[in-house]
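As the structure is a computational prediction, the values presented were derived from the model and not from experiment. Sequential numbering from 1 along the given sequence is applied to the chain's residues. Atoms within each ligand, like the ligands themselves, are counted from 1 in listed order.
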Amino acid sequence: MSNFDLQLEHWQSVFNKALDQHIEFHYSGNDSVTEAIKYALKAGGKRVRPALCLMTAKALGGDPEQAIPAALAIEFVHTYSLVHDDLPCMDNDDLRRGKPTTHKVYGEAQALLAGDALLTDAFNVLASQSQPSTGRMVKELASAAGGHGMVLGQSLDLYWTARAGASRLDLDRIHTLKTGRLLGCSAALGALAVDAPMSTVERLRRFGEGLGLAFQITDDLLDETCNTGKSVGKDRESGKLTYLAMMAPDLARQAAKSISSAAIQELDGILTGTSDLRQFALWLLGRSS
Ligand code: GRG
(Lines give C-alpha, C1' and ligand atoms only; values in the text may rest on other atoms or scores of the structure.)
Protein backbone atom coordinates (compact mmCIF):
# COMPACT_ATOMS: atom_id res chain seq x y z
CA MET A 1 0.00 0.00 0.00
CA SER A 2 1.48 3.39 -1.00
CA ASN A 3 1.73 6.44 1.24
CA PHE A 4 -1.00 8.05 -0.74
CA ASP A 5 -3.37 5.06 -0.33
CA LEU A 6 -2.92 5.53 3.41
CA GLN A 7 -3.66 9.27 3.10
CA LEU A 8 -6.79 8.53 1.15
CA GLU A 9 -7.88 5.92 3.68
CA HIS A 10 -7.42 8.53 6.38
CA TRP A 11 -9.72 11.03 4.64
CA GLN A 12 -12.24 8.33 3.79
CA SER A 13 -12.35 7.32 7.43
CA VAL A 14 -12.66 10.95 8.67
CA PHE A 15 -15.52 11.42 6.25
CA ASN A 16 -17.26 8.11 7.02
CA LYS A 17 -17.22 8.94 10.74
CA ALA A 18 -18.83 12.33 10.09
CA LEU A 19 -21.37 10.67 7.80
CA ASP A 20 -22.27 8.06 10.43
CA GLN A 21 -22.83 10.83 12.97
CA HIS A 22 -24.96 12.78 10.54
CA ILE A 23 -27.03 9.70 9.73
CA GLU A 24 -27.53 8.87 13.41
CA PHE A 25 -28.75 12.37 14.12
CA HIS A 26 -30.71 13.24 10.97
CA TYR A 27 -31.81 9.92 9.47
CA SER A 28 -32.70 7.87 12.52
CA GLY A 29 -36.18 6.90 11.25
CA ASN A 30 -37.01 3.62 9.58
CA ASP A 31 -39.60 4.76 7.04
CA SER A 32 -39.03 3.74 3.41
CA VAL A 33 -37.45 6.91 2.12
CA THR A 34 -35.09 7.17 5.11
CA GLU A 35 -34.05 3.55 4.69
CA ALA A 36 -33.45 4.18 0.96
CA ILE A 37 -31.35 7.28 1.77
CA LYS A 38 -29.22 5.32 4.24
CA TYR A 39 -28.81 2.42 1.84
CA ALA A 40 -27.61 4.73 -0.93
CA LEU A 41 -25.27 6.71 1.32
CA LYS A 42 -23.73 3.64 2.92
CA ALA A 43 -23.41 1.42 -0.15
CA GLY A 44 -19.63 1.84 -0.10
CA GLY A 45 -18.43 4.51 -2.53
CA LYS A 46 -14.80 5.61 -2.83
CA ARG A 47 -15.62 9.03 -1.27
CA VAL A 48 -13.39 10.70 -3.84
CA ARG A 49 -15.22 14.04 -3.73
CA PRO A 50 -15.31 14.47 0.07
CA ALA A 51 -11.66 13.35 0.25
CA LEU A 52 -10.72 16.02 -2.30
CA CYS A 53 -12.68 18.64 -0.36
CA LEU A 54 -11.07 17.82 3.00
CA MET A 55 -7.61 17.43 1.48
CA THR A 56 -7.90 20.83 -0.18
CA ALA A 57 -8.84 22.51 3.10
CA LYS A 58 -5.77 20.92 4.71
CA ALA A 59 -3.44 21.73 1.79
CA LEU A 60 -4.36 25.40 2.18
CA GLY A 61 -3.30 25.30 5.81
CA GLY A 62 -6.83 25.29 7.21
CA ASP A 63 -8.67 23.00 9.62
CA PRO A 64 -10.30 20.19 7.60
CA GLU A 65 -13.08 19.97 10.26
CA GLN A 66 -14.38 23.24 8.86
CA ALA A 67 -14.93 21.54 5.51
CA ILE A 68 -16.97 18.59 6.88
CA PRO A 69 -20.41 20.12 6.08
CA ALA A 70 -19.21 20.85 2.53
CA ALA A 71 -17.88 17.29 2.17
CA LEU A 72 -21.23 15.88 3.34
CA ALA A 73 -23.19 18.13 0.99
CA ILE A 74 -21.09 17.10 -2.01
CA GLU A 75 -21.41 13.38 -1.27
CA PHE A 76 -25.18 13.83 -0.87
CA VAL A 77 -25.40 15.44 -4.30
CA HIS A 78 -23.16 12.76 -5.81
CA THR A 79 -25.26 9.98 -4.20
CA TYR A 80 -28.53 11.53 -5.44
CA SER A 81 -27.07 11.67 -8.95
CA LEU A 82 -26.13 7.98 -8.86
CA VAL A 83 -29.55 6.92 -7.51
CA HIS A 84 -31.35 8.87 -10.24
CA ASP A 85 -28.86 7.83 -12.93
CA ASP A 86 -29.55 4.14 -12.18
CA LEU A 87 -33.35 4.51 -12.57
CA PRO A 88 -35.06 2.75 -15.50
CA CYS A 89 -35.82 6.12 -17.15
CA MET A 90 -32.08 6.88 -17.29
CA ASP A 91 -29.36 4.20 -17.31
CA ASN A 92 -31.56 1.40 -15.97
CA ASP A 93 -28.81 -0.27 -13.97
CA ASP A 94 -29.31 -3.17 -11.57
CA LEU A 95 -25.90 -2.93 -9.93
CA ARG A 96 -23.97 -0.09 -8.36
CA ARG A 97 -20.82 -0.50 -6.28
CA GLY A 98 -21.33 -4.25 -6.65
CA LYS A 99 -24.73 -4.11 -4.90
CA PRO A 100 -28.33 -3.92 -6.12
CA THR A 101 -29.21 -0.33 -7.04
CA THR A 102 -31.47 1.64 -4.68
CA HIS A 103 -34.58 1.26 -6.86
CA LYS A 104 -34.02 -2.51 -7.08
CA VAL A 105 -34.22 -2.68 -3.29
CA TYR A 106 -36.78 0.05 -2.45
CA GLY A 107 -38.71 0.48 -5.71
CA GLU A 108 -38.59 3.33 -8.21
CA ALA A 109 -40.77 5.78 -6.33
CA GLN A 110 -38.84 5.58 -3.06
CA ALA A 111 -35.51 5.73 -4.92
CA LEU A 112 -36.63 8.84 -6.78
CA LEU A 113 -37.69 10.43 -3.50
CA ALA A 114 -34.46 9.41 -1.77
CA GLY A 115 -32.53 11.22 -4.52
CA ASP A 116 -34.77 14.29 -4.20
CA ALA A 117 -34.28 14.32 -0.44
CA LEU A 118 -30.49 13.97 -0.70
CA LEU A 119 -30.27 16.89 -3.14
CA THR A 120 -32.40 19.11 -0.91
CA ASP A 121 -30.73 18.00 2.32
CA ALA A 122 -27.31 18.78 0.82
CA PHE A 123 -28.24 22.45 0.70
CA ASN A 124 -29.66 22.27 4.23
CA VAL A 125 -26.32 20.96 5.50
CA LEU A 126 -24.38 23.68 3.69
CA ALA A 127 -26.73 26.51 4.64
CA SER A 128 -26.80 25.48 8.32
CA GLN A 129 -23.23 26.69 8.82
CA SER A 130 -22.52 30.26 9.75
CA GLN A 131 -19.27 30.96 7.98
CA PRO A 132 -18.55 34.11 6.00
CA SER A 133 -18.40 31.96 2.86
CA THR A 134 -21.67 30.02 3.42
CA GLY A 135 -23.65 31.89 0.74
CA ARG A 136 -20.79 31.53 -1.72
CA MET A 137 -20.61 27.78 -1.03
CA VAL A 138 -24.35 27.32 -1.60
CA LYS A 139 -24.04 29.15 -4.91
CA GLU A 140 -20.97 27.14 -5.92
CA LEU A 141 -22.73 23.81 -5.31
CA ALA A 142 -25.97 24.93 -6.98
CA SER A 143 -24.08 26.04 -10.04
CA ALA A 144 -22.05 22.80 -10.27
CA ALA A 145 -25.08 20.52 -9.80
CA GLY A 146 -27.89 22.36 -11.58
CA GLY A 147 -29.14 23.07 -15.08
CA HIS A 148 -25.84 24.64 -16.16
CA GLY A 149 -23.75 21.89 -14.57
CA MET A 150 -24.19 18.19 -13.82
CA VAL A 151 -27.87 18.04 -14.81
CA LEU A 152 -27.08 19.60 -18.20
CA GLY A 153 -24.20 17.11 -18.63
CA GLN A 154 -26.55 14.22 -17.88
CA SER A 155 -29.13 15.58 -20.32
CA LEU A 156 -26.54 15.92 -23.11
CA ASP A 157 -25.26 12.44 -22.34
CA LEU A 158 -28.78 11.00 -22.76
CA TYR A 159 -29.28 13.04 -25.94
CA TRP A 160 -26.12 11.65 -27.54
CA THR A 161 -26.79 8.03 -26.55
CA ALA A 162 -27.17 5.87 -29.67
CA ARG A 163 -27.04 8.98 -31.88
CA ALA A 164 -24.39 9.66 -34.54
CA GLY A 165 -22.53 12.91 -35.21
CA ALA A 166 -21.01 13.89 -31.87
CA SER A 167 -17.56 15.49 -31.89
CA ARG A 168 -14.72 15.27 -29.36
CA LEU A 169 -15.84 18.74 -28.18
CA ASP A 170 -19.32 17.36 -27.43
CA LEU A 171 -17.78 14.50 -25.51
CA ASP A 172 -15.51 16.77 -23.43
CA ARG A 173 -18.43 19.12 -22.74
CA ILE A 174 -20.65 16.29 -21.49
CA HIS A 175 -18.05 15.00 -19.08
CA THR A 176 -16.77 18.37 -17.92
CA LEU A 177 -20.36 19.12 -16.94
CA LYS A 178 -21.40 15.70 -15.70
CA THR A 179 -18.28 14.69 -13.77
CA GLY A 180 -15.89 17.67 -13.82
CA ARG A 181 -18.20 20.26 -12.29
CA LEU A 182 -18.79 18.31 -9.07
CA LEU A 183 -15.10 17.46 -8.64
CA GLY A 184 -14.24 21.10 -9.32
CA CYS A 185 -16.82 22.09 -6.74
CA SER A 186 -15.32 19.66 -4.21
CA ALA A 187 -11.96 21.41 -4.37
CA ALA A 188 -13.56 24.88 -4.49
CA LEU A 189 -15.70 24.18 -1.40
CA GLY A 190 -12.66 22.86 0.48
CA ALA A 191 -10.96 26.18 -0.27
CA LEU A 192 -14.02 28.31 0.56
CA ALA A 193 -14.49 26.46 3.86
CA VAL A 194 -11.12 27.78 5.01
CA ASP A 195 -11.73 31.25 3.58
CA ALA A 196 -9.19 31.06 0.76
CA PRO A 197 -9.07 34.05 -1.61
CA MET A 198 -11.26 33.83 -4.74
CA SER A 199 -8.27 33.51 -7.10
CA THR A 200 -7.23 30.36 -5.20
CA VAL A 201 -10.80 29.03 -5.19
CA GLU A 202 -10.97 29.50 -8.97
CA ARG A 203 -7.68 27.72 -9.61
CA LEU A 204 -8.74 24.83 -7.42
CA ARG A 205 -12.08 24.65 -9.19
CA ARG A 206 -10.25 24.37 -12.53
CA PHE A 207 -7.91 21.76 -11.01
CA GLY A 208 -10.89 19.64 -9.89
CA GLU A 209 -12.69 20.05 -13.21
CA GLY A 210 -9.65 18.78 -15.10
CA LEU A 211 -9.37 15.86 -12.71
CA GLY A 212 -13.04 15.12 -13.34
CA LEU A 213 -12.52 14.86 -17.07
CA ALA A 214 -9.46 12.62 -16.63
CA PHE A 215 -11.45 10.59 -14.08
CA GLN A 216 -14.23 10.03 -16.62
CA ILE A 217 -11.81 8.87 -19.33
CA THR A 218 -10.32 6.44 -16.79
CA ASP A 219 -13.88 5.36 -15.94
CA ASP A 220 -14.54 4.57 -19.61
CA LEU A 221 -11.37 2.48 -19.71
CA LEU A 222 -12.43 0.68 -16.52
CA ASP A 223 -15.94 0.07 -17.90
CA GLU A 224 -14.28 -2.46 -20.20
CA THR A 225 -12.87 -4.41 -17.25
CA CYS A 226 -14.71 -5.97 -14.34
CA ASN A 227 -13.68 -3.59 -11.59
CA THR A 228 -16.25 -0.82 -11.38
CA GLY A 229 -19.08 -2.53 -9.50
CA LYS A 230 -21.37 -1.74 -12.44
CA SER A 231 -22.38 -4.17 -15.19
CA VAL A 232 -19.22 -4.71 -17.36
CA GLY A 233 -19.16 -3.00 -20.77
CA LYS A 234 -22.65 -1.61 -20.14
CA ASP A 235 -21.86 1.93 -21.34
CA ARG A 236 -20.56 0.73 -24.70
CA GLU A 237 -23.39 -1.76 -25.19
CA SER A 238 -26.06 0.85 -24.55
CA GLY A 239 -24.60 3.10 -27.25
CA LYS A 240 -23.18 5.68 -24.78
CA LEU A 241 -20.87 8.27 -26.20
CA THR A 242 -17.66 7.17 -24.49
CA TYR A 243 -14.01 8.05 -25.11
CA LEU A 244 -13.48 4.50 -26.34
CA ALA A 245 -16.23 4.96 -28.91
CA MET A 246 -14.16 7.83 -30.29
CA MET A 247 -10.53 6.76 -29.85
CA ALA A 248 -8.27 3.78 -29.23
CA PRO A 249 -7.53 2.90 -25.56
CA ASP A 250 -3.92 4.15 -25.86
CA LEU A 251 -5.06 7.54 -27.13
CA ALA A 252 -7.70 7.72 -24.39
CA ARG A 253 -5.00 7.01 -21.79
CA GLN A 254 -2.80 9.75 -23.30
CA ALA A 255 -5.69 12.22 -23.31
CA ALA A 256 -6.39 11.52 -19.63
CA LYS A 257 -2.71 12.04 -18.84
CA SER A 258 -2.42 15.37 -20.60
CA ILE A 259 -5.70 16.69 -19.14
CA SER A 260 -4.51 15.66 -15.70
CA SER A 261 -1.09 17.35 -16.20
CA ALA A 262 -2.79 20.59 -17.23
CA ALA A 263 -4.98 20.35 -14.13
CA ILE A 264 -1.95 19.83 -11.89
CA GLN A 265 -0.39 23.00 -13.32
CA GLU A 266 -3.28 24.95 -11.79
CA LEU A 267 -1.72 24.16 -8.41
CA ASP A 268 1.54 25.91 -9.28
CA GLY A 269 1.90 29.11 -7.37
CA ILE A 270 -0.97 28.65 -4.93
CA LEU A 271 0.21 28.52 -1.38
CA THR A 272 2.17 25.58 -0.02
CA GLY A 273 1.54 21.95 0.74
CA THR A 274 -0.27 21.10 -2.48
CA SER A 275 1.70 17.89 -3.01
CA ASP A 276 -1.14 15.74 -1.58
CA LEU A 277 -3.39 17.22 -4.23
CA ARG A 278 -0.83 16.37 -6.93
CA GLN A 279 -0.67 12.80 -5.67
CA PHE A 280 -4.44 12.69 -5.63
CA ALA A 281 -4.50 13.61 -9.33
CA LEU A 282 -1.99 10.88 -10.14
CA TRP A 283 -3.91 8.35 -8.06
CA LEU A 284 -7.16 9.13 -9.88
CA LEU A 285 -5.43 8.57 -13.20
CA GLY A 286 -3.95 5.23 -12.17
CA ARG A 287 -6.92 3.86 -10.19
CA SER A 288 -8.09 0.34 -10.93
CA SER A 289 -11.63 0.44 -9.47
C1 GRG B 1 -29.11 12.11 -12.60
C2 GRG B 1 -28.74 14.61 -12.58
C3 GRG B 1 -28.21 13.27 -12.73
C4 GRG B 1 -26.91 13.15 -12.99
C5 GRG B 1 -26.23 11.89 -13.07
C6 GRG B 1 -22.98 11.31 -11.90
C7 GRG B 1 -23.97 11.03 -12.97
C8 GRG B 1 -24.82 12.15 -13.43
C9 GRG B 1 -24.16 9.80 -13.44
C10 GRG B 1 -23.45 8.59 -12.96
C11 GRG B 1 -22.90 7.82 -14.08
C12 GRG B 1 -21.48 8.15 -14.33
C13 GRG B 1 -20.64 7.05 -14.87
C14 GRG B 1 -21.04 9.34 -14.14
C15 GRG B 1 -19.71 9.76 -14.37
C16 GRG B 1 -19.14 10.13 -13.05
C17 GRG B 1 -18.73 8.95 -12.33
C18 GRG B 1 -17.52 8.25 -12.79
C19 GRG B 1 -19.44 8.58 -11.29
C20 GRG B 1 -19.07 7.51 -10.40
O21 GRG B 1 -18.32 8.15 -9.41
P22 GRG B 1 -17.42 7.35 -8.40
O23 GRG B 1 -16.57 6.39 -9.17
O24 GRG B 1 -18.52 6.55 -7.61
O25 GRG B 1 -16.75 8.33 -7.52
P26 GRG B 1 -18.46 5.94 -6.15
O27 GRG B 1 -19.36 4.74 -6.25
O28 GRG B 1 -17.06 5.57 -5.80
O29 GRG B 1 -19.01 6.99 -5.25
Asks: So which of Arg49, Lys46, Arg47 gets nearest to atom 19 (C) of ligand 1, if we judge by its closest heavy atom?
Replies: Arg49
Asks: Hey, what do you get for OG1 (Thr134) to CG (Leu192), rounding to the nearest 0.5 Å?
Replies: 10.0 Å
Asks: Measuring from atom 16 (C) of ligand 1, which candidate in Val83, Thr79, Thr179 has the nearest non-hydrogen atom?
Replies: Thr179
Asks: Report the part of His175 in contact with ligand 1, treating N, CA, C, O as backbone and CB onward as side chain, heavy atoms under 4.0 Å; options are side chain, backbone, both, neither.
Replies: neither
Asks: Given side-chain contact (heavy atoms from CB on, under 4.5 Å), test Met150 with Ser81 step by step and report yes or no.
Replies: CA-CA 9 Å; Met150 184 178 71; Ser81 80; 3.5 Å; yes
Asks: Would you mind running through ligand 1 and noting each atom that sits below 4.0 Å from a heavy atom of Val151?
Replies: 2 (C)
Asks: Just which atoms of ligand 1 are under 4.0 Å from any heavy atom in Asp219?
Replies: 13 (C), 18 (C)
Asks: Counting only heavy atoms, which portion of Leu82 has something under 4.0 Å from ligand 1: side chain, backbone, both, or neither?
Replies: side chain
Asks: State the atoms of ligand 1, each with its element, that fall below the 4.0 Å cut-off from a heavy-atom position in Lys178.
Replies: 7 (C), 8 (C), 9 (C), 12 (C), 14 (C), 15 (C)
Asks: Below the 3.5 angstrom mark, is there an N/O of His78, backbone or side chain, next to an N/O of ligand 1?
Replies: yes
Asks: Check each heavy atom of Gln154 against ligand 1 and say whether those closer than 4.0 Å belong to the side chain, the backbone, both or neither.
Replies: side chain
Asks: Which atoms of ligand 1 sit under 4.0 Å from any heavy atom of His84?
Replies: 1 (C)
Asks: In Å, rounded to the nearest 0.5 Å, how long is the span from CG of Leu41 to NE2 of His78?
Replies: 10.5 Å
Asks: Closer than 4.0 angstrom, basic N to acidic O: yes or no for Asp250 and Arg253?
Replies: yes
Asks: Can you tell whether the side chains of Arg49 and Glu75 come within less than 4.0 Å, N to carboxylate O?
Replies: no
Asks: Counting from 1, what ligand 1 atoms have a heavy atom of Arg97 closer than 4.0 Å?
Replies: 26 (P), 27 (O), 29 (O)
Asks: Kindly write out the residues that satisfy ring pair (Phe, Tyr, Trp, His ring centres under 6.0 Å) with Phe280, not counting sequence neighbours, or none if the list is empty.
Replies: none
Asks: Indicate whether the side chain of Tyr243 and that of Asp172 have a donor and an acceptor atom separated by less than 3.5 Å.
Replies: yes
Asks: Looking only at the side chains, is there a donor atom on one of Glu35 and Asn30 sitting less than 3.5 Å from an acceptor on the other?
Replies: no
Asks: Using heavy-atom distances, let me know which of Asp85, Val77, Leu284, Val48 sits nearest atom 10 (C) of ligand 1.
Replies: Asp85
Asks: Counting from 1, what ligand 1 atoms have a heavy atom of Tyr80 closer than 4.0 Å?
Replies: 2 (C)
Asks: Checking Thr34 against Asp31: is there a side-chain donor and acceptor pair closer than 3.5 Å?
Replies: yes
